[in-house]
Structure formats: structure tokens, C-alpha cells
Asks: 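One structure, as C-alpha cells, below. Some questions next.
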Amino acid sequence: MSEKKQMVGDVYYPTPEVVAQAHVPDYEKVNSAAVADLAGFWGRIAAENFEWYEPWETVLDESNAPFYKWFVGAKVNIVHNALDRHQRTAVRNKAAMIFEGEPGDVRVLTYQQLNHQVCKFASVLRSMGVRKGDRVTIYMGRIPELAIAMLACAKIGAMHSVVYGGFSTEALHERIEDSQSRVLVTCDGAWLRGQIVELKKIANEAVDRSASIETVICVKRTGQEVEMVAERDHWYHDLMNLPIASPKAATEVMDAEDPLFILYTSGTTGKPKAILHTHGGYMVGTATTLKWVFDIKPEDIWWCAADPGWITGHSYIVYAPLVLGATSFMYEGAPTYPNPDRWWQLVARYGITILYTAPTAIRGLMRFGESWPEQHDLSSLRLLGTVGEPINPEAWRWYYRYIGKERCPVMDTWWQTETGSFMITPVPSMPLKPGSATRPFPGLQVDVVDEEGNPVPPNEEGYLVVKTPWPAMLRTIYGDPDRYVNQYWSRYEEQGWYLPGDSAKKDEDGYIWIIGRIDDVIKVSGYRLGTAEVESALVSHPAVAEAAVIGVPDELKGNIIKAFCILRQGYQGSEKLAKELKDHVGHEIGPIAKPATVEFVSTLPKTRSGKIMRRVLKAQALGQDVGDVSTLEA
Ligand code: WTA
């Protein structure tokens, strides 16, 4: 049998034990009922599992599509469901969050303790004049205060805008500027591979470039000297010790459709887009998907090893686990520090039952061999998951065999910042095929189609489309509703379908195989970056006149960035300059955006209208046929 054939025939069936305890023992049955009555399906789930201050009049309002509304007329706050309601039950004394820092420090926050901290910080924010609808930028490492700050914002109805702690000056500045936040919550630094990432220093540089920030609140984490600007900057621990930090703080009553947060993500062109999510639909969508896909039970210790600065962390480290009353584990640092078994040590030490991570992390750990996981007792694990990019079958099998010991189904979840919650994903009772995200979550209809919207034959590549709305869907791009319509809903306007921007195949069993992005988004180690951002960082260097970047496949990172630069007169391409440009991108956007290679060129292939043809650059870089270049600039 050829390798390909083996893969196709490679189906993994769940054990009877897994099926017996699954929340969704029969996918087909649940899915067909949900498809037949989508509003009824979500309406029942919403009524049975969450607390609403006031009920809705309509589950789903499609009258102004694509501006869909869910649970219209209902009053709710996600924090009421994530914290307040648990204070009345035994969940109050359960660990909400278990944290281990990279240096080895441990903190456990019960639901009661977490609520106490959130109330206090919500009071601080209120006393600083932060109100419903205001934006608060949060730029921190992976520590509990990040979650506390997010929840405090949500509690008082302010929208948080979390900027990933791996981003740097310009990326942070751009996001502050666009959101017009007046308050920034940050920390002195973060631990990474035994080093301090100087977050406050970067924040100071970014705030120097931004006019809107009036107040900076700084959490002390790493303890080194940092520059604090008088009047503007305050230490978090000082504020939390003042009488203004009252533990009595009312949770703001919100409309189900009121904004919960914005989160910037890279798109096809130009600056990052502020994806907007709401209190009601996002709560229902994220909590339900987590419960069903990862079969969450009260005794689970759930570890989503993403960063809270990305959607995966928003939905599945912070909000969904807390709404479910689960225990969420958070680790600050690098998986390989001080040794490649740090993660396996954590699994054993905390009795992690479910581990959810990215293929790039699995490939990275796989490189060190199975002797590292074999030194640890991983028997607490019962389910595994991946997200962020297609998982190659070899990595899937390694994960399944050496981490899950052939007992733990691997949930390959396809979704996006925009979708808020899992979209194409197995449930544990479903047969799995390594490399396939399997089937849509119950109720959702997806397909793989051609330019005109006709389904493509099985196993042929086409555009992935989503044909039905879902509760956790983005509602708009904050401040730019036209872009929301153009970006996601215009390609298949007539049909009213959502375009995620991925290509995919569907096999004979209806299983979806995601291939990759069809636009100028590059996934580097699962992190989403836009060519336009990296290019504008390159052009902001005095030596660069014009730049183009492409993603090139990489065994470990999925993709790496290759840059092509035209230099200004008076500059000479050299290895030294290439390094300087890489570091410049690192300084402006962050280390993850650094091009792996910089090539100096005298021209770039362009269309007659002057658009750079990255497709041609990519084909050249991969030694492929450059295809039709008839529209190239003469
Ligand atoms: C990619 C991350 C294949 C995809 C939650 C999508 C995946 C983009 C998978 C969104 C998966 C995510 N298999 N590809 N399981 N999950 N992707 O917004 O290209 O950072 O469009 O959200 O990641 O990236 P984002």
C-alpha cells in the first residue's frame, strides 16, 4: 500500500469507554436534529445551561444578514455565568485556575478567589472612569492577572483588546491607536526560556507613539527595574491595596448582543482587523463547543496550552472553561525550558486530563524523541486536541501514540478568530482520520466549492464555505462594518455564505481536510500574520524602498517567512543588512514575524495596476511553474 493509500484507510475508532461517557454519543443523530431546527437547537442549549437576567425574544435574527443577531432582547453578562453564579454552589471552592510560572512558582485560584480579584480590579477600573463600551488594551505575559484583567473589563461592560505578549512596539501601537483605548494594562516583563521579555519597556515605546492612552497599570511579575511615568503609570498591586479596589462590584447588565471584546487579527490587506465578539452568542458557542468536543466533566483538569493573547486563549483558557465551572491550567513559559520534558512533567504533576495545543508544538517536542515523555506518568490524560494549522499525519500519530498511549482520541479543531468557537471538529465518539478536522459541529453546514459556489467532487481542492450562522460568530469588524461585509460575505453574496479564507478538500465520507490559506495570511508556528504587516515593517527601515513577503512551507513551523526587498539608493545588500532587517521586523512586530530569509532584488513582479504578485514569488521560491503571468507589468 502506498503511503497515501494507508493514510486514507487510516481510521481510528473510539473505545466503547470513550463513547459511553461522551456528551455526544451519536453525532449523526444530534447533527441532523440541529440542522433541521438550528434556532430550536441553540435556544434549548442556551436556556438549559446558562443564566440570563432576562430571556430573549428571538433566538436568531437573520433580517439584516450578514449582521446576524443571536438571543435578541436577552440580558446577560458572560462574567455572571463564568464567576457570579458559581459563588452560590460548591464550585466556589473548586480551582478555577492553576498556574505554574516558568521559574516554577505555583498559584491556585479558586472560583471564590478569582471572583474576589476580578471584583477588586473591576472596581479599580470603574474608579478610573472606565465605563460600558470603553476599550481597554491588555498587553501581558501568560499570568493569571491577564485573565483577571479580561474578566474585570467584561464585568463592567468595557471591551478588552488583548495584544499578544509576543508582539512588539509597532504592533501594539497600531492596535492601541485603532481601538482608541485610554487605559493600558501591562506587566513589567514575562519569563521566556529563562530570560525576561521586557514588556513594560515595549509598552512605553508604544505608548510614546500613541496619543489615546492616559493611564497605564503595570503588574509586577519579573521584578527588574522599569521606567514608570509619573501620573500616567500605576502599579497594579498598589491599586489593588487601595480602598478603591472594593471587592463589592456589581456585574453590568448587558444586552446579549453588546460587545464583549475586540481582538485584532491579520487579514488579506492592510492593517489588522478588530474582530468583535458579544456577550450572549459567544458565551453559548464557546462553552457548548468545549463541553461537547472535549467532553468536559467536573473532575477534569483542562490545559489549553495556547496564549490568552490569541482567540484560542480567549475562548478556551479564559471564558469557556470558567462558564463550565471547570479547572483551567495555565503555564507561563516555553515547552522546552529547562528541558524538553517540561510539559510532560506538568501533565504528571497536575494530573492534566485533557491537553490542547498546536501542531507546531507537537512537531517541536517530537524532535526530541519519545524518551522525554516516557520518563513521566501521562496516564491522567484522556483526550488530546490540536488547533491552528493542518496537522501532518506523522505528528498526529506521534501525539496519539506517545502522549495519548493509543487511548486518547485527538480532536483536530478547525476554527478562527472570527468564528469564536470550534467549527469543524470531531467529537470524541467519532471515528478519526489523522490530518482531517472531520465534520462540522452539530447544526453547522460547511462545504467545499468552486468559484461559482458549486460543490467540487470528493477529494478535490476548493474554497471552504460556511452556509449557516452560529452563535459565537463575529458580529462585525469594530469601526469598519463595510470591511466586514466585503471580507467575509461578498465572494458568495448571492448565496449568503461566509468565506473563511481557507482551501480544503472533502472526502467520500464527508470529512473535511483543511489545506491552507488562500489569501495573504501566513501561519507561522500556528500564529496568524499578514504579509502587509511584515512588509510595512520592512519598509519602515530607512534602507528599504519596497518589500514583498511570502510564506514558504517548513517542516517544523508549518510556514516560514521569506522577504524580498528593493533597497533605496545608496544601500548595498549584505548579510549584515539582512540581519538588521530581520531584527527590525522583530522590534516592530515581534520575534514571530522575523523573516527567515531576506533576499535583495531589483524588481518585484507586479500586475499592471501595481499590485505585487506574491503568487509568482512563491512559485519561483518553490521551483514551481509560475503559471499565467499575462497580467504582469510589462
Ligand atoms: C488555520 C486560530 C487546519 C486556518 C483558532 C484558519 C487550521 C486560521 C486549524 C485561523 C486546523 C486553524 N486545521 N488549519 N485544525 N485551525 N487553522 O484566527 O487557516 O489565529 O483560517 O484562529 O488557522 O487562525 P486564527
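Numbering of ligands and ligand atoms starts at 1, following listing order. Predicted, not measured: the structure shown is a model, and the values here were computed from it. Residue indices begin at 1 and follow the sequence shown.
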Asks: Taking atom types as modelled, find out whether Asn459 and Trp513 have a side-chain donor-acceptor pair closer than 3.5 angstrom.
Replies: no
Asks: Who's closest to atom 9 (C) of ligand 1 heavy-atom-wise, of Gly388, Ala504, Ala437, Gly526?
Replies: Gly388
Asks: Any idea which atoms of ligand 1 are less than 4.0 Å away from a heavy-atom of Thr312?
Replies: 5 (C)
Asks: Is Gln416 in polar range of ligand 1, meaning some N or O pair under 3.5 Å apart?
Replies: yes
Asks: Do you know the tightest heavy-atom contact between Gly526 and Glu389?
Replies: N-OE2, 3.8 Å
Asks: Thr413 versus ligand 1: do any nitrogen or oxygen atoms come within less than 3.5 Å of each other?
Replies: yes
Asks: Would you call Arg382 and Asp300 a salt bridge, taking side-chain N to carboxylate O under 4.0 Å as the test?
Replies: yes
Asks: Just jot down the ligand 1 atoms closer than 4.0 angstrom to any heavy atom of Pro390, in number order.
Replies: 3 (C), 13 (N), 14 (N)
Asks: Under a 3.5 Å cutoff, is there a donor and acceptor pairing between the side chains of Thr438 and Ser436?
Replies: no
Asks: Only heavy atoms of Arg528, strictly under 4.0 Å: list the atoms of ligand 1 that pass.
Replies: 10 (C), 18 (O), 20 (O), 24 (O), 25 (P)
Asks: To which protein heavy atom is atom 8 (C) of ligand 1 closest, and what is the distance rounded to 0.1 Å?
Replies: Lys523 CE, 3.5 Å
Asks: Keeping the roles fixed (side chain from Lys557, backbone from Ile560), state whether a donor-acceptor pair exists under 3.5 Å.
Replies: no
Asks: Please write down residue, atom name and distance for the protein heavy atom closest to atom 4 (C) of ligand 1.
Replies: Asp502 OD2, 2.8 Å
Asks: Side-chain donor-acceptor pair under 3.5 Å between Ser168 and Glu588, yes or no?
Replies: no
Asks: Which option, Val387, Thr417, Ile275, owns the non-hydrogen atom nearest atom 22 (O) of ligand 1?
Replies: Thr417
Asks: Could you tell me if the ring centre of Tyr498 sits under 6.0 Å from that of Tyr488?
Replies: yes
Asks: Which protein non-hydrogen atom lies closest to atom 21 (O) of ligand 1, naming both residue and atom, and how far is it?
Replies: Arg517 NH1, 2.8 Å
Asks: If we count only N and O atoms by modelled type, under 3.5 Å, do the side chains of Thr137 and Ser181 hold a donor and an acceptor together?
Replies: yes
Asks: Which atoms from ligand 1 have a heavy atom of Asp412 less than 4.0 Å away?
Replies: 11 (C), 13 (N), 15 (N)
Asks: Of all the atoms in ligand 1, which lie at a distance below 4.0 Å from a heavy atom belonging to Ile311?
Replies: 5 (C), 22 (O)
Asks: Between Tyr316 and Ser421, do the side chains contain an N or O donor and an N or O acceptor separated by less than 3.5 Å?
Replies: no
Asks: Quick test: of every protein heavy atom, which one is nearest to atom 10 (C) of ligand 1, and how far off is it to 0.1 Å?
Replies: Trp415 O, 3.6 Å
